[in-house]
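Notes for the one structure printed next.
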Amino acid sequence: EAFLGIFTRLACLAMESQPALRSKITRAAAFSMLGACALKWGQLDAVTTALVHLLNKHEFLPGPIAECAAVAAGRHENSRLAAALLREVGRVDPAEYKRQQLSDAVGVRC
């Protein structure tokens, strides 16, 4: 489990970097690692948690994370990662999003 966590962290670090995501090879490798860890090696909860954390941390990642889930579903013929991501995002209270928007807006004010 710890060994697979290394691959999850490595793929998440690659996804945090916009230049790395522009590279088709790096992007494909990150998606492949996350999909395999989640769907082939039984780390669905860990990968889902890591991806939801990235969604909250970086505003440029919704598209790449959705693409990652789609690639994983196609490669492993299993859409559990996409379903788990949707379920976790759906569990967030809308008031939390509002609080986050307000705190982000306070940092922008001059």
Side-chain angles (χ1 to χ4, degrees):
E1 196 169 302
F3 182 68
L4 293 171
I6 293 170
F7 288 100
T8 301
R9 284 192 298 278
L10 179 63
C12 287
L13 285 173
M15 289 186 70
E16 285 180 340
S17 170
Q18 286 180 334
L21 280 178
R22 288 187 198 112
S23 165
K24 289 181 182 179
I25 295 170
T26 305
R27 186 182 190 110
F31 292 174
S32 178
M33 282 191 285
L34 289 169
C37 286
L39 301 173
K40 186 175 181 181
W41 301 109
Q43 298 297 308
L44 181 63
D45 291 337
V47 172
T48 301
T49 301
L51 290 175
V52 169
H53 176 71
L54 287 177
L55 272 175
N56 292 325
K57 190 175 175 185
H58 300 287
E59 63 184 36
F60 64 89
L61 283 178
I65 289 176
E67 184 182 347
C68 176
V71 167
R75 178 171 289 155
H76 298 282
E77 296 180 356
N78 187 333
S79 61
R80 287 184 304 149
L81 179 59
L85 285 168
L86 287 172
R87 186 172 33 257
E88 287 301 313
V89 170
R91 285 183 181 164
V92 176
D93 184 15
E96 181 63 32
Y97 287 125
K98 187 67 172 171
R99 254 184 263 122
Q100 185 176 357
Q101 286 176 340
L102 291 174
S103 69
D104 290 348
V106 168
V108 174
R109 292 183 188 152
C110 295

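With rounding to the nearest 0.5 angstrom, the CG atom of Leu61 is 8.0 Å from the CD atom of Glu16. One finds the NZ atom of Lys57 at 13.0 Å from the CE atom of Met15 (value rounded to the nearest 0.5 Å). To the nearest 0.5 Å, atom CD1 of residue Ile6 and atom CE of residue Met33 are 11.5 Å apart. Taken from OG1 in Thr48 to CZ in Arg87, the straight-line distance is 8.0 Å, to the nearest 0.5 Å. Atom NE2 of His76 and atom OG of Ser32 lie 6.0 Å apart (nearest 0.5 Å). Between the CG atom in Leu44 and the CZ atom in Arg80 there is a gap of 5.5 Å [rounded to 0.5 Å].
Thr26 and Ala20 get closest at one heavy-atom pair: CB-O, 3.4 Å. The shortest non-hydrogen separation linking Cys12 to Ala50 is SG-CB, 3.7 Å. Of all heavy-atom pairs between Leu85 and Leu51, the closest is CD2-CB, 3.7 Å. Here the shortest heavy-atom pairing between Val89 and Leu55 reads CG2-CD1, 3.8 Å. Here the closest non-hydrogen pair linking Leu4 and Cys37 is O-SG, 3.8 Å. Between Leu81 and Ala69, the closest heavy-atom pair is CD2-CA, 4.2 Å.
Not a single donor-acceptor pair under 3.5 Å links the side chain of Ser23 to the backbone N or O of Pro19.
Using bins of under 30°, 30° to 60° and over 60° for the plane-to-plane angle, the ring pair Phe7/Phe3 lands in the perpendicular bin.
Cluster annotation: Leu21 is connected to Val47 through the hydrophobic network of ILVMFWY side chains, with a link wherever side-chain heavy atoms come within less than 4.5 Å. In the hydrophobic clustering of this structure, Phe60 groups with Val52; members are Ile, Leu, Val, Met, Phe, Trp, Tyr whose side-chain heavy atoms approach within less than 4.5 Å, directly or through other members.
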